[in-house]
Chemist: 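Quick one: this structure, given as structure tokens, is what I'll be asking you about.
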Amino acid sequence: MERGAEKARYSPQRHRVLGVILCVLCVSLVALPGLPAVAAGRVASLNLCTDQMLVLLAPEKIAALTPLSRDPALSFVASRAEHLPYGAQTTLTLLQQERLPILRIALAQDFAGIRRMTRLLAATLGVPERGEALIAAMDHELETLPHPSHAVRALVLEPRGLTAGPGTLMDAVLRAAGMANASDGRRVSLEALVSQPPDLLIVPSPPAYPSLATVVLRHPALANLPRRSIPPALTICAGPFSAAAAAMLTR
Amino acid sequence: MIRWLALLLTVLAAVSLCIGDATLAPPDGLIFWQLRVPRTLLGALVGGGLGLSGAVLQGALRNPLADPGLLGITGTAGLGAVIAFYWGVAATFPPVLMAGGLVGAGVGAGFLLVFAGRSPSGPSLILAGVAVSAIAAALLALALTLAPNPFALTEITFWLMGGLADRPLWQVMLTAPAILLGGAILLSLGPGLDALSLGEETARSLGVPVTRTLRLAALGTALAAGAGAAVAGSIGFIGLVVPHLLRPWFGERPGALLPAAPLAGAALLLTADMLVRLAPMVLPLSAAPPVGVLTALLGAPFLVVIARRMAP
């Protein structure tokens, strides 16, 4: 009964599946002013990162997520996304022609950005209190992190020799964990890494299936460096769960 | 002459151990043993295997264009290695990587043998090799597209162009026995190849087991060139160029080229790999290009020159 009433209130046009399309601009734009709160309607996400925010905030309003949201290697909420609808593949242009309301979200690169993104989405979805609850839980986790006794210079090494430089999400995670970032954002070769080793090497945990790029992260030349593996599901997207990545580094 | 080649190779190997992007000097233990030594050893082994395979193939097929890369043997070897590697089998049991490469190379070399038996004309054999290479490259791209790891497809340049960077020492140790065994087989074929250069009929009349010689040439090439391709990708044109570079000094007789070919192949690949490593220090490059890019850029014009010389 309750559910039916809710559904009737939230979907005035049942055939119209997509109420709001969440779309992420990968470039860091100034956060655009949000849409008027769409307490009504159902919501589709076109991006792994917004998938996860939708699952956390308003799973009952989800019209569609990307298939990636169900992959436990990439998605923090894979287990919860399992029974939710997925498959939003339609191009943005087509949706714009349909005059669907589209909310563009700048990808967060630090914890202030995560708070902003969470508030904006929570307000748009008409669930501001859930947003505040997620932020409060994240802030609590960040405040209770133990800090290392001495300054640790950590380097986040990604496949193909890429490193997380200043201004990246992992840089913010390192700082939250009380570590200094040893990377200037440039690619490093194995030789350069061995000749100027950081105190700690942070690598993504090995994927189920290998590639040359991920196998090199376990090259014997790096075997003597202290290292910490961190699951990519925690670091690909910025979200309230990014605090868990910092917590993992301090343990 | 052989002594000079051996000396040249020793000098090149020593210089290769001193070139890297950390320092231009002999480095400390870790970089030396885990990065420079495997790279230099692998370059010498792969280059030697390719050079010797090229010399044997050009002699056995009596075709100056024969080369393990052009004939598709390194291509099918790479395909076999890719299938073994990206589906995780080689991660749990590394020798599977080598086995995959060798099975692939065996299939390529076996096809070549059958085709060469039916249609001995030079150009048609090369064309068949081109077809095998194309099929191997297409299947390689397909395998990398279907591979479960998202980085797989971006690694197609490594498998098609080859590279010697950042290979761990255990992979070199896995390759070495196969290349050395293949090399030993190929080196033993000298007298048979000399007789074959007079034509199959004459060779038979001289008591040379022609079929056996050709089979051993295919097997040795699959081992010597295929094992390298399983670890370093398809590095092209070394096998094509080496015999042509050696003929002015060692003569036309195929058997005379064999002892020198692995030394020259190793020296050539080590030189190309050093140039590639030095490139980012001289040119505005963010990373060293794959060594196969350089061997193809230098080797392909060579192919054109040889083809023009062959034209009636």
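Worth saying up front: this structure is predicted, and the values here are computed from it rather than measured. Each chain gets a letter, A, B and so on, in the order its sequence line appears, and its residues count up from 1. Heavy atoms only: backbone and side chains are in, while hydrogens, waters and symmetry mates are out.
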Chemist: Taking atom CH2 of B:W33 as the centre, does the number of heavy atoms from other residues, nucleotides or ligands within less than 6.0 Å exceed 12?
Modeler: no

Chemist: Out of B:L30, B:T154, B:L144, B:N149, return the one with the most heavy atom pairs under 4.5 angstrom to chain A.
Modeler: B:N149

Chemist: With rounding to the nearest 0.5 Å, note down the distance linking CG in B:D166 to OG in A:S189.
Modeler: 7.5 Å

Chemist: Is it the case that atom CZ in A:R186 sees more than 12 heavy atoms from other parts of the structure closer than 6.0 Å?
Modeler: no

Chemist: Is it the side chain or the backbone of A:R160 that comes within 4.5 Å of chain B heavy atoms, both, or neither?
Modeler: side chain

Chemist: With rounding to the nearest 0.5 angstrom, report the OG1 to CD distance, A:T214 to B:E155.
Modeler: 7.0 Å

Chemist: Treating A:E191 as the side-chain partner and B:L35 as the backbone partner, does any N or O pair qualify as donor plus acceptor under 3.5 Å?
Modeler: no

Chemist: Specify which of A:P206, A:P159, A:A73, A:P207 makes the most heavy-atom pairs with chain B at under 4.5 Å.
Modeler: A:P159

Chemist: Do the side chains of A:P220 and B:L169 get nearer than 4.5 Å, heavy atoms only?
Modeler: no

Chemist: Identify which part of A:P210 has an atom lying under 4.5 Å from any heavy atom of chain B, answering side chain, backbone, both or neither.
Modeler: both

Chemist: Return the OH to OH distance between B:Y86 and A:Y209, rounded to the nearest 0.5 Å.
Modeler: 15.0 Å

Chemist: How many angstroms lie between CG in A:L212 and CH2 in B:W159, if you round to the nearest 0.5 Å?
Modeler: 5.5 Å

